[in-house]
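Numbered from 1 within each chain, the chains take letters A, B, ... in sequence-line order. Being a predicted model, the structure only gives us computed values, none of them experimental.
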Amino acid sequence: MRFSQLLLPTLKETPAEAEVVSHKLMLRAGFIRKLTSGVYSYLPLGLAAIRRVENIIREEMNRAGAQELLMPMVQPADLWIESGRWEKYGPELLRFTDRNGRQSCLGPTHEEVITDLVRKNIHSYRNLPLNLYQIQTKFRDEIRPRFGLMRGREFIMKDGYSFDASEKDVEITYEKMYEAYNRIFSRCGLAFRAVEADTGTIGGSFSHEFMVLAETGEDTLVICKECSYAANMEKARAMEQESPDEKPELLPLEKIETPGKRKVQAVTEFLSISPKNLIKTMVYLVDSKPLAVLLRGDHEVQPVKLKNLLNGVEAELADDKQVFDATGVPSGYLGPMGLKIPVVADREITAMHNFAIGANEKKYHYINANLGRDFEVATIGDLRMVTEEDRCPHCGSNLELTKGIEVGHIFKLGTNYSEALKATFLDNQGMENSYIMGCYGIGVSRTVAAAIEQNYDKDGIIFPLPIAPFQVIVLNLSPSAKKFTEAAETIYDGLGKNSIDVLLDDRDERPGIKFKDADLIGIPYRVTVGKSFEKNGTIEIKERANGQTISVELHETVDRLLEIIRQKMVR
RNA sequence: CGGGGCGUAGCGCAGCCUGGUUAGCGCGCCUGCCUUGGGAGCAGGAGGUCGGAGGUUCAAAUCCUCUCGCCCCGACCA
């Protein structure tokens with residue numbers, strides 16, 4: 001491709017709308033343009049990067065035995081009503097009515113459609129396992145789209161669905177997908193981790209998220225510094241605190257006046273105790289019903305764990321008014337003794353003794369409270385966020401909290417959808433069974449954004465070679481000089497003939513502009529036909545990532561590049 | 001949905017508070033000259049319903065009301 005003919009509107013200044021690095025750079029580098037909130041056009045370079053990722057995904061999915069198909073974006077409400085998600089999915093599902101009054105929606109995901117397709121066409125275990133995927137534009141009417149391609153309303157996704165006859169088979173499929181995903185993100189040249197994840201609204205029993213590691217990530221992940229354990233915050237566990245072998249002497253309960261001391265820090269400072277020696281009582285509304293949650297003063301509630309423990313749909317922290325309405329106690333003085341609402345507790349409190357609690361009375365706390373003697377808790381479980389003070393649940397080593405961007409998610413779905421949609425097959429005994437399903441997503445456009453969040457410098461994007469829109473950019477610094485142009489064209493043709501994607505900057509611009517643009521758009525290898533060519537006939541090859549430069553003769557330029565690129569591309 | 005902010009040339013902004021000639025600046029764009037290894041210089045030029053509607057006024061980018069769009073924070077979310 002020739003730069004002079006390419007739609008590549010680079011910007012010197014950053015548009016005001018962009019907040020994060022990938023968004024800024026994709027706008028500046030002429031990759032994307034916004035049409036409306038959360039909806040973008042992909043310009044040629046942006047699309048090229050997306051296609052690279054897509055092709056890697058295709059190769060690995062096909063290698064793992066999956067087949068590509070393409071399903072409709074418009075879906076009938078009937079299917080969603082049948083699965084129960086017409087009610088459950090919420091306003092994120094963009095619904096509309098067609099001219100005949102039929103209720104429809106834009107597909108945010110395709111469990112219903114694929115299950116419908118399979119139930120109508122597959123009836124025997126002989127056709128299993130079946131693993132189907134598509135790469136398609138999805139629409140989710142996000143509450144708040146932001147960060148460019150990171151969280152758009154319209155985005156490109158690879159979604160795959162598997163159908164197996166048995167638990168054993170679905171495990172094999174899941175394992176294959178897990179490996180395929182690892183291969184995909186490795187081949188994209190990204191630093192990532194697979195983490196254990198909560199299954200979310202989609203339901204199911206087992207799930208991993210693939211997170212690209214980047215400072216600017218929206219998700220926090222917990223990684224073990226020694227073993228392979230990794231999880232997101234919603235799911236992350238910690239090694240349980242050991243209870244002391246000998247129970248300390250239980251001291252008598254004592255009521256203390258604590259005027260104006262409402263926050264954990266204020267109370268513990270006033271009482272001269274550690275937050276680790278106080279149990280705080282938080283009120284949550286789980287599916288709109290108030291509930292008290294007990295946990296150690298220095299810990300935080302993980303709402304997803306709370307929700308899951310109670311089989312709820314939604315868990316939110318009550319505000320001060322809701323707290324008072326539910327308990328009759330002003331927030332800050334709540335405690336477990338004599339509370340009228342249900343109480344659940346984080347398991348860590350079972351290891352505590354002689355701790356402080358609120359007295360359920362304004363301006364008073366108790367000290368030396370003890371579980372079992374002063375109050376009971378019906379439900380105890382892991383309800384808190386893991387911290388860096390915690391130990392790995394597998395090996396006991398230190399844990400690290402780090403930021404990541406979710407680019408892939410795999411689920412073992414089980415029979416949720418096949419049962420709801422009555423998708424069955426006959427097994428080798430002639431018995432009717434529901435398919436055991438899995439689902440496997442990759443945010444394709446988000447992966448490109450994540451790659452940029454992870455790989456950039458002050459001059460622009462630094463694309464990993466496998467997903468760069470072009471692998472090489474050739475700069476002709478004197479397009480008006482015949483000698484330069486012939487040399488540049490020779491290299492350009494030579495690379496093209498060897499299936500290298502190459503961009504030729506043939507514009508009549510000053511060298512500075514060409515260098516700046518080449519850096520900005522992040523092409524891994526830059527070939528310059530310039531001063532050294534004039535002087536002694538040599539061509540310069542510069543690597544974007546590390547700035548390393550080599551000089552080569554014109555006739556060997558193509559071969560050297562082929563050598564370098566073949567060495568770097570993982571298959 | 002709650003809170004905050006912004007809409008003035010393709011992009012980044014000033015002007016608005018305190019109304020008053022042809023609405024400015026930088027970048028980009030076009031023409032010419034010049035320059036050619038890190039977003040040059042000179043000269044000339046094109047480009048604006050000041051987001052939209054209504055109102056106040058002799059007079060509105062500027063004041064008022066409504067409305068649309070966008071951005072940020074929050075709840076939420078693969």
K516(A) side-chain N/O to G38(B) phosphate OP1/OP2 under 4.0 Å: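 Looking at the OP1 and OP2 atoms of G38(B), neither is under 4.0 Å from any side-chain N or O of K516(A).
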
Which of the following nucleotides, G38(B), G39(B), A75(B), is nearest to the side chain of T10(A)?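 The nucleotide sitting nearest to the side chain is G39(B).
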
So what does R28(A) hit on the nucleic acid, given a heavy-atom distance under 4.0 Å: a base, only sugar-phosphate, or nothing?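 Touches a base.
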
Show me the pairs that pass salt bridge (Lys or Arg N to Asp or Glu O under 4.0 Å) and involve residues 2-20 of chain A, at least two apart or across chains.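 Residue pairs passing salt bridge (Lys or Arg N to Asp or Glu O under 4.0 Å), neighbours aside: R2(A)-E489(A), E17(A)-K34(A).
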
Nearest-Å distance, CG (L520(A)) to P (G39(B))?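 Answer to the nearest Å: 14 Å.
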
Would you kindly compare E92(A) and P145(A) by the position of their nearest RNA chain B nucleotide and give the one closer to the 5′ end?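 This one resolves to P145(A).
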
When the distance from CD of E13(A) to P of C25(B) is rounded to whole Å, what number comes out?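 Atom CD in E13(A) sits about 16 Å away from atom P in C25(B).
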
For C50(B), what is the paired nucleotide under Watson-Crick or G-U wobble rules, both distances under 3.5 Å?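 None - no nucleotide pairs with C50(B), as no candidate has both distances under 3.5 Å.
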
Could you state the atom-to-atom distance from CD of E316(A) to C1' of A75(B) in whole Å?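 Computing the E316(A):CD to A75(B):C1' distance gives 8 Å.
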
Y174(A)/F206(A) aromatic ring centres below 6.0 Å: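 Ring centres of F206(A) and Y174(A) closer than 6.0 Å.
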
Watson-Crick or G-U wobble mate for U36(B), both contacts under 3.5 Å: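 Paired with no nucleotide.
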
Just how far, in rounded Å, is P of C27(B) from CG of D517(A)?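 Between P of C27(B) and CG of D517(A): 17 Å.
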
Between P on G37(B) and CG on D505(A), what's the gap in Å once rounded to a whole number?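 After rounding, the gap between these two atoms is 15 Å.
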
For G12(B) and T14(A) - does any side-chain N or O of the residue sit under 4.0 Å from the phosphate oxygens OP1/OP2?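 For G12(B), OP1/OP2 do not have a side-chain N/O of T14(A) under 4.0 Å.
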
Do the side chains of D457(A) and R544(A) get close enough for a salt bridge, i.e. N-O under 4.0 angstrom?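 Yes, this pair counts.
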
Could you check which nucleotide pairs with G74(B) in any of the strands shown, counting Watson-Crick or G-U wobble with both distances under 3.5 Å?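 Paired with G74(B), as far as the under-3.5 Å criterion goes, is C1(B).
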
Ion pair E68(A)/R58(A), N-O distance below 4.0 Å: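 Here E68(A) pairs with R58(A) in a salt bridge, since their nearest N and O are under 4.0 Å apart.
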
Rounded distance (Å) that lies between atom C1' of G39(B) and atom CG of L11(A):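 That distance rounds to 12 Å.
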
For A43(B), give the paired nucleotide (Watson-Crick: N1-N3 plus N6-O4 or O6-N4; G-U: N1-O2 and O6-N3; both under 3.5 Å), or none.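 U31(B) - that is the nucleotide pairing with A43(B), both distances being under 3.5 Å.
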
May I have the step-by-step check of side-chain hydrogen bond (donor to acceptor under 3.5 Å, both in side chains) for T10(A) and R28(A), ending in yes or no? CA-CA 5 Å; T10(A) 58; R28(A) 282 194 57 208; over 6 Å; no

Should R144(A) be listed as having a side-chain N or O under 4.0 Å from OP1 or OP2 of C73(B)?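 Checking R144(A) against C73(B): at least one side-chain N or O falls below 4.0 Å of OP1 or OP2.
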
Taking atom types as they are modelled, would you say the side chain of D459(A) forms a donor-acceptor pair with the base of G38(B) within the 3.5 Å cutoff?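 Result: no qualifying N/O pair found.
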
Roughly how far apart, to the nearest Å, are G3(B) and A78(B) at atom C1'?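 Nearest-Å result for G3(B) against A78(B) at atom C1': 27 Å.
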
Does any donor atom in the side chain of T415(A) or E419(A) lie under 3.5 Å from an acceptor atom in the other side chain?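 Yes.
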
For K535(A), answer base if it contacts any base atom (sugar-phosphate contacts may also be present), sugar-phosphate if it contacts only those atoms, and nothing otherwise; contact means non-hydrogen atoms under 4.0 Å.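 Nothing: the residue K535(A), judged by heavy atoms under 4.0 Å, touches no strand.
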
Just checking G530(A): base, sugar-phosphate only, or nothing, at a heavy-atom cut-off of under 4.0 Å?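 Contact class for G530(A): base.
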
Reading nucleotides 29-36 of chain B 5' to 3', which nucleotides get B (base under 4.0 Å from a protein heavy atom), which S (sugar-phosphate only), which -? ------BB

Is there a salt bridge (Lys or Arg N to Asp or Glu O under 4.0 Å) between D517(A) and R507(A)? Walk through the geometry before answering. CA-CA 12 Å; D517(A) 274 343; R507(A) 294 175 300 169; 3.0 Å; yes

Who does A59(B) pair with, Watson-Crick or G-U, both distances under 3.5 Å?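 Looking at the geometry, A59(B) pairs with no nucleotide.
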
Calculate the interatomic distance between D219(A) atom CG and A78(B) atom P; express it in whole Å.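 To the nearest whole Å, that distance equals 10 Å.
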
Without decimals, in angstroms, what is the distance between E17(A) CD and C6(B) C1'?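 It is 12 Å, rounded to the nearest whole Å.
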
Which class fits the ring pair F533(A) and F484(A): parallel under 30°, tilted 30 to 60°, perpendicular over 60°?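 Correct class here is perpendicular.
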
Say you pick atom P in C6(B) and the same atom in C64(B); how far apart are they, in whole Å?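 Going atom to atom, P in each nucleotide, I get 13 Å.
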
